[in-house]
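In what follows, chains carry the letters A, B, and so on, assigned in the order in which the sequence lines appear, proteins first and then strands, with residues in each chain numbered from 1. Just so you know, these numbers come straight off a predicted model, no measurement behind them.
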Protein chains: 2
Amino acid sequence: MGQPTIKDVAKLAGVSISTVSRVMNNSKPVSPEARQKVLDAIAKLDFKPNELARSLVMRKSNLVGVIVEDIGIEYMAQLIRGIEEIGRVYKYDILLQSSYGDENALNNSIDFLATKQVEGFIIITQNLSDEALLKLRETRIPFILLDKFHAYKNLTTVKVDYKKEQYNLTKYLFSQGNDNVLFIGDKADNVLNNAKIAGYREAIEELGKEEFIVKIDGITSNDGYNIGKEAIDVCKENGITAVSLLNDEVAIGFIDYCADNGIKVPDDISVAGFGDSSIASIYRPNLTTVAIPYYDIGAISIRALIKRIKKEDEILDKDWIIDCNIVARESSK
Amino acid sequence: MGQPTIKDVAKLAGVSISTVSRVMNNSKPVSPEARQKVLDAIAKLDFKPNELARSLVMRKSNLVGVIVEDIGIEYMAQLIRGIEEIGRVYKYDILLQSSYGDENALNNSIDFLATKQVEGFIIITQNLSDEALLKLRETRIPFILLDKFHAYKNLTTVKVDYKKEQYNLTKYLFSQGNDNVLFIGDKADNVLNNAKIAGYREAIEELGKEEFIVKIDGITSNDGYNIGKEAIDVCKENGITAVSLLNDEVAIGFIDYCADNGIKVPDDISVAGFGDSSIASIYRPNLTTVAIPYYDIGAISIRALIKRIKKEDEILDKDWIIDCNIVARESSK
DNA sequence: ATGAAAGCGCTAACAA
DNA sequence: TTGTTAGCGCTTTCAT
């Protein structure tokens, strides 16, 4: 004998299994005496309903599949926190899979999770191929895409308006008294980067300032260090006193370059990152940056997904745009 | 009509559902013709077996429950990576829950996951109460505990021998030419901290050196900064040239204090952390530390758990001790 | 080699 | 208010 089943409870309580089921689910009236007998039997046997069986008959697994590119990436972990915590409120549990950027692994995960009868997917990835998107659609299981670069049409999602955030950040830097602001963006032609450049440009144009953009070929702190010379040269030639970089890691590399070359941050030059990764508040100088509320994005995503599962998804007929906050710290003034 | 079922396949292929099942599982011989018809039907319908139904009848969910204190904590995310990736090799999927250190949430998670018929648990937490342990045992579901501080008897696990690692690190610092090494430990009386102190002491005694220990009341970088004065005073008075701190964050705070007070790391003093968190390799100076192979711990844990599930667990009659590596970087010489 | 039938643990008509 | 019964989608005897 393994775990006690509803039959064992029924036998011990001297009622039928339907009555036990009714007590458990409060689905139909049960006489107080019968209810008490059932409750006693449940307690005595320490009975726990088998959710697998329940899911099977109710055609409802209360499971959502979360496929994450790499849980080791800080912001993805933050997203999962929000998903998990809010999902639980709605009695949904998370089935977690990682794809490590491998298209094949992603496809397998989708299939696998579909066989587990997940009611929805949340896909957390830097980028998603059209093929994968197609595959996802074929399952006919609702999904939410949380990637950084996607620009698909007809696909509602929860996201950050990077253009607006970069616009705000740029204006903030000017408002601090900087006469010129350099933006260091990505050489890659992706939606994320283009949005930030557009936001920077909008602020520049609005203020009637001159545009200075340097493009970098990578997004690590090393890349930030390596762009240092070129960026500093541009700054010196043009009286630039503030540099806004595409992310925190690159910004930190850039600050390192400055430190190695006698340039004081923020005294000689103000520096801003983007993202508010954990290192931004530990590094010295602490980094001025834009805090992306990943937890909230995760939370809203799972709520939206569940609404969609329940077919109440008028609410997600448009994208959710999440506002970020500028976090002013030591690296800028 | 929702998803196609085995019945639909059987009908289309003109065979019984038993035959379809046999083809899918290769459980019994099937004639080549029948097999082909079934395969064709499966392909045509894009049929995917319902794992819920399968789990129910086979009494095997292929699910392990992972309860993590907080997925936002870097090392926990690393553990999950290992668990997830290796679990998948064995066809196990992860049902993820977070407890956020709340005993009640933990209990609920255990119950909840049990109803989902998980075959095993992996509990990742800083510390686990005796009550929770009892609760876990009552489920009669195999589990592995991955906490930092536990010292339960009769509980095999996968862990780091902190005493040995601190011993090795201390000896390493001496081998680099340091005459005296200060250890900065935790005021708290916990297994983890006591083990590190014991390791430090063993090295000290073995080398016939003098013991210097400063205790700190917290484990953040701020705490490391705040202990700076006291630690530096001890160093100056006793000709200490190397400081080994309980973790990377504290070490970085301490280095900050040094930087603010004209003490050069590593020229004036060598500093070592513990853990090899991501910041250790980004911070300047890069931090010498002990790399704990969390991914491997996760990987070995899930393997051990699966063996135990399959009752092949002679292999885990004792603890698994995972070796760490000293990562020598710029902060020490 | 194949199909009919029982049953995994549960819910939900349907009767009574 | 209650019990009986028929499934949910699948695996696995047991016959044939």
Inset, instruction - Using atom NZ of B:Lys7 as one end and atom C1' of D:dC8 as the other, report the distance to the nearest whole Å. - result: 9 Å

Inset, instruction - Grab the CD1-P distance between A:Ile6 and D:dC8 for me, whole Å please. - result: 18 Å

Legend entry - Base C:dA1 paired with B:Thr19 side chain (donor-acceptor, <3.5 Å): no

Legend entry - Below 4.0 Å: OP1/OP2 of D:dG3 and any side-chain N or O of A:Ser16: yes

Inset, instruction - Describe the nucleic acid contact of B:Ser31 in one word from base, sugar-phosphate, nothing, applying a heavy-atom distance below 4.0 Å. - result: sugar-phosphate

Inset, instruction - Using atom NZ of A:Lys116 as one end and atom P of D:dC10 as the other, report the distance to the nearest whole Å. - result: 14 Å

Inset, instruction - Using the salt bridge (charged side-chain N to carboxylate O under 4.0 Å, His left out) rule, pick out the option among B:Lys311, B:Lys91, B:Lys60, B:Arg308 that qualifies with B:Glu119. - result: B:Lys60

Inset, instruction - Ignoring the backbone of B:Val15, work out which of C:dA12, C:dG3, D:dC8 is nearest its side chain. - result: C:dG3

Inset, instruction - Please determine if a side-chain N or O atom of A:Ser55 lies less than 4.0 Å away from the OP1 or OP2 oxygen of D:dC8. - result: no

Inset, instruction - Figure out the CG/P separation between B:Asn25 and D:dG9, and round it to whole Å. - result: 17 Å

Inset, instruction - Please report, rounded to the nearest Å, how far the C1' atom of C:dC10 is from the CG atom of A:Asn26. - result: 17 Å

Legend entry - A:Ser18 (side chain) and D:dT4 (base): donor-acceptor pair under 3.5 Å: yes

Legend entry - Base of D:dG3 paired with side chain of A:Arg22 (donor-acceptor, under 3.5 Å): yes

Inset, instruction - Taking only the side-chain heavy atoms of A:Pro29 (C-beta and beyond), determine which of D:dC8, C:dC10, D:dT1 contains the nearest atom. - result: D:dT1

Legend entry - A:Asp46 with A:Lys48: basic N within carboxylate O range, under 4.0 Å: yes

Inset, instruction - Assign each of A:Asn50 and B:Pro32 to its nearest nucleotide of DNA chain C by heavy atoms, then name whichever residue's nucleotide is nearer the 5' end. - result: B:Pro32

Legend entry - Separation of D:dC10 C1' from B:Lys60 NZ (nearest whole Å): 16 Å

Inset, instruction - Indicate whether OP1 or OP2 belonging to D:dT11 is found under 4.0 Å from a side-chain N or O atom of B:Arg54. - result: yes

Legend entry - Spacing between B:Met24 atom CE and C:dT2 atom P, to the nearest angstrom: 17 Å

Inset, instruction - Look at the side chain of B:Val57 and decide which nucleotide, out of C:dC10, D:dT2, D:dT11, has an atom nearest to it. - result: D:dT11

Inset, instruction - Check whether the side chains of A:Arg59 and B:Asn50 place a donor and an acceptor atom closer than 3.5 Å, and report yes or no. - result: no

Inset, instruction - Let me know, please, whether A:Ile17 or A:Glu33 comes out on the 5' side of the other along DNA chain D by nearest nucleotide. - result: A:Glu33

Inset, instruction - State whether A:Glu138 and A:Lys135 are salt-bridged, where the test is any N-O pair (Lys NZ or Arg NE/NH1/NH2 against Asp/Glu carboxylate O) under 4.0 Å. - result: no

Inset, instruction - May I ask you to say whether B:Asp93 pairs ionically with B:Arg88, meaning some side-chain N is under 4.0 Å from a carboxylate O? - result: no

Inset, instruction - Please check if any side-chain donor atom of B:Glu74 sits under 3.5 Å from a side-chain acceptor atom of B:Ser277, or the reverse. - result: no

Inset, instruction - Between B:Ser27 and B:Ala53, just flag the one whose closest nucleotide in DNA chain D comes earlier from the 5' side. - result: B:Ala53

Legend entry - Integer-rounded Å distance: C:dT11 C1' and A:Lys28 NZ: 11 Å

